[in-house]
Undergrad: 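Please find one structure pasted underneath; my questions will follow.
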2 protein chains.
Amino acid sequence: MATQEHSLFQPVRRSRVSEDIVRQIQDLIAAEHLQPGDRLPGERELAEAVSVSRQSVREALRVLDYLGVVIVRPGEGTFVATTPPSPVDPSLYSLLSERSFLLDLLEARRILEERIVPLAARRATRDDLDAMDDALTARERGLAAGKHDVAGDLAFHTQLAELTGNPVLTSVMRYLSEMWLRSREKTGRRPTSPHKALQFHRQILQAVRRRQPSAARRALRRHLDDMRADIEERGR
Amino acid sequence: MATQEHSLFQPVRRSRVSEDIVRQIQDLIAAEHLQPGDRLPGERELAEAVSVSRQSVREALRVLDYLGVVIVRPGEGTFVATTPPSPVDPSLYSLLSERSFLLDLLEARRILEERIVPLAARRATRDDLDAMDDALTARERGLAAGKHDVAGDLAFHTQLAELTGNPVLTSVMRYLSEMWLRSREKTGRRPTSPHKALQFHRQILQAVRRRQPSAARRALRRHLDDMRADIEERGR
DNA sequence: GTGGATTACTGGTCAGACCAGCAGTCCTAA
DNA sequence: TTAGGACTGCTGGTCTGACCAGTAATCCAC
């Protein structure tokens, strides 16, 4: 064919098979044919279904993996991610699945939250505090009814950051939370006891409500220390 | 760079080979061994350089392609993209142009860096410190020759974060730097005296080199206090 | 029961092969 | 001499088939 690009014509965009697969899977998720947590067919099966080589399927899955759309666990399979896909610093990506990464993440959280919590105790408005209290109570009730989502636990910490009134702190906290979720999802780590977490949250919030910055920081430290101990222990 | 040094690429070792390659290439770009527009070695060549199959190389390149780090052109080769992608939290976008935003940003930086700097003083390796020293000296010389770029000043702070050995802290610092640049770009704010900044940097680095965490933190505080005063004053 | 070995399956990796497009080279014909 | 086309070697794109190392469910012996 002589359809070269005279100015009228666009350069022909040769599609890459893997791109097509990426789009198809994303569409299936968007259309909710694939729900979070669902297991995708194996790579071999998928390849045959699309009449394509396994290599092309793998390239597609690798991309979706990086995008956070999908979680790939060797020996088990590939699953639709439960956390909303959020861009993660690409340079950190390869670390997400290492246990030490959660400890690094925890160190960063500690640095930040140790200062956020006292600020929240000083700056939060009455209304904000009431709203958080309601949210926490709702979560406690939800847990009693057997319902529990990890993202909600992290939301508490992000909300704490919001109380400071500094949107940058909120943004950074959200950033760390996203990495936390991704990392834990990739490692397949079980969440720590939700009851314990809620108790800590209650303590922190109480101190904040009473405008006791130091007490709030102490409670926060206990919470993070407990998490660290949990990570270090399970890692063995 | 017509001749590509293969010695730049290290043999690969642990889990998922493609992740390692992604990181190596990103590192090479970050270290400016690979410049925007440069052509990467062919897939086959790259594979051999890291003792890995071509498939793994392809998976890595596919990811880098999606991330916008690299441009792949069939028949020609793979090239480093000219514009590195830098996402900013959309919810903050509208705030970028407000003066108070720089103050919020500064508060976050202070919280983080006040803890980063002492950590750096404790953990940094000799080599890292020497490298930073060289970089700082180069910048001093550049300034004397009338050359000055704001991004370089922020790079100092990011490098400080790297000294902690905690990639999360580095990432957050980079995240804040990104917003800082954007915000200042939008507000059209003139940078503070580059000479003054370099002097502060020199003081901080010296304390870190001498393994004096407290002194390093004090120097860092002076630096940030100075910046805040500068922002508040000019805002009037 | 209970626990250990077995086995089928999954992703991770490798090797080698072929295709189509791009770009220089070289040879030929005007 | 020079314009044109064939040639050649490179590049990424794709496919096939094979083996490895984990997971998880099963089954069998104790």
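By convention in this document, chain letters (A, B, ...) are assigned in the order of the sequence lines, proteins followed by strands, and residues within each chain are numbered from 1.
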Undergrad: In whole angstroms, how far is the P atom of C:dC14 from the CD atom of B:Glu43?
TA: 14 Å
Undergrad: When the nearest nucleotide of DNA chain D is assigned to B:Gly42 and to A:Ser53 on a heavy-atom basis, which residue is associated with the more 5' position?
TA: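 Taking each residue's closest nucleotide, the earlier one in sequence belongs to B:Gly42.
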Undergrad: If I take atom CZ in residue B:Arg39 and atom C1' in nucleotide D:dC10, what distance separates them, rounded to the nearest angstrom?
TA: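 Between C1' of D:dC10 and CZ of B:Arg39: 8 Å.
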Undergrad: When you measure from the side chain of B:Ser171 to the backbone of B:Pro167, do you find a donor-acceptor pair of N or O atoms at a distance under 3.5 Å?
TA: no
Undergrad: Within this structure, what is the CD-to-P distance between B:Glu76 and C:dC22, rounded to whole angstrom?
TA: 7 Å
Undergrad: I would like to know whether A:Asp133 and A:Arg202 meet salt bridge (charged side-chain N to carboxylate O under 4.0 Å, His left out); could you show each step before the answer?
TA: CA-CA 9 Å; A:Asp133 200 69; A:Arg202 179 54 78 187; 2.8 Å; yes
Undergrad: Just the rounded figure in Å: distance from P of C:dG12 to CD of B:Glu59.
TA: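 Distance check: B:Glu59 CD to C:dG12 P gives 8 Å.
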Undergrad: Does a side-chain N or O of B:Arg62 approach OP1 or OP2 of D:dG13 to a distance below 4.0 Å, or not?
TA: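 For D:dG13, OP1/OP2 do have a side-chain N/O of B:Arg62 under 4.0 Å.
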Undergrad: Where the side chain of A:Val17 is defined as all heavy atoms beyond and including C-beta, which of D:dG12, D:dT14, C:dT13 is the nearest nucleotide?
TA: D:dT14
Undergrad: Quick one: which of D:dT16, C:dG11, D:dG13 gets closest to the side chain of A:Thr78?
TA: C:dG11
Undergrad: Can you confirm whether B:Arg126 is buried at CZ, in the sense that more than 12 heavy atoms of other residues, nucleotides or ligands lie under 6.0 Å from that atom?
TA: yes
Undergrad: Take the protein atom CZ of B:Arg16 and the nucleotide atom C1' of C:dT10, then report the distance between them rounded to whole Å.
TA: 13 Å
Undergrad: Find the distance A:Arg73:CZ to D:dT23:C1' and express it as a whole number of Å.
TA: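 Distance check: A:Arg73 CZ to D:dT23 C1' gives 11 Å.
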Undergrad: Below 4.0 angstrom from OP1 or OP2 of C:dC14, is there any side-chain N or O of B:Ser56?
TA: yes
Undergrad: In whole angstroms, how far is the P atom of C:dG12 from the CD1 atom of A:Ile71?
TA: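 So the CD1-P distance, A:Ile71 to C:dG12, works out to 12 Å.
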Undergrad: So, under a plain 3.5 Å distance rule, would you say the side chain of A:Arg54 forms a donor-acceptor pair with the base of C:dG12?
TA: yes
Undergrad: In whole angstrom, what separates B:Ile21's CD1 from C:dG12's P?
TA: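 Distance, rounded to whole Å: 14 Å.
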Undergrad: Is the distance from OP1 or OP2 of D:dG13 to the nearest side-chain N or O of B:Arg58 less than 4.0 Å?
TA: yes
Undergrad: With DNA chain C as reference, determine whether B:Arg44 or B:Gln55 sits nearer its 5' end, using the nearest nucleotide of each.
TA: B:Gln55
Undergrad: Take atom CZ in A:Arg23; do more than 12 heavy atoms of anything else shown fall under 6.0 Å from it?
TA: no
Undergrad: How about CD on B:Glu140, more than 12 heavy atoms from neighbouring residues, nucleotides or ligands closer than 6.0 Å, or not?
TA: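 For B:Glu140, atom CD is crowded (more than 12 foreign heavy atoms under 6.0 Å).
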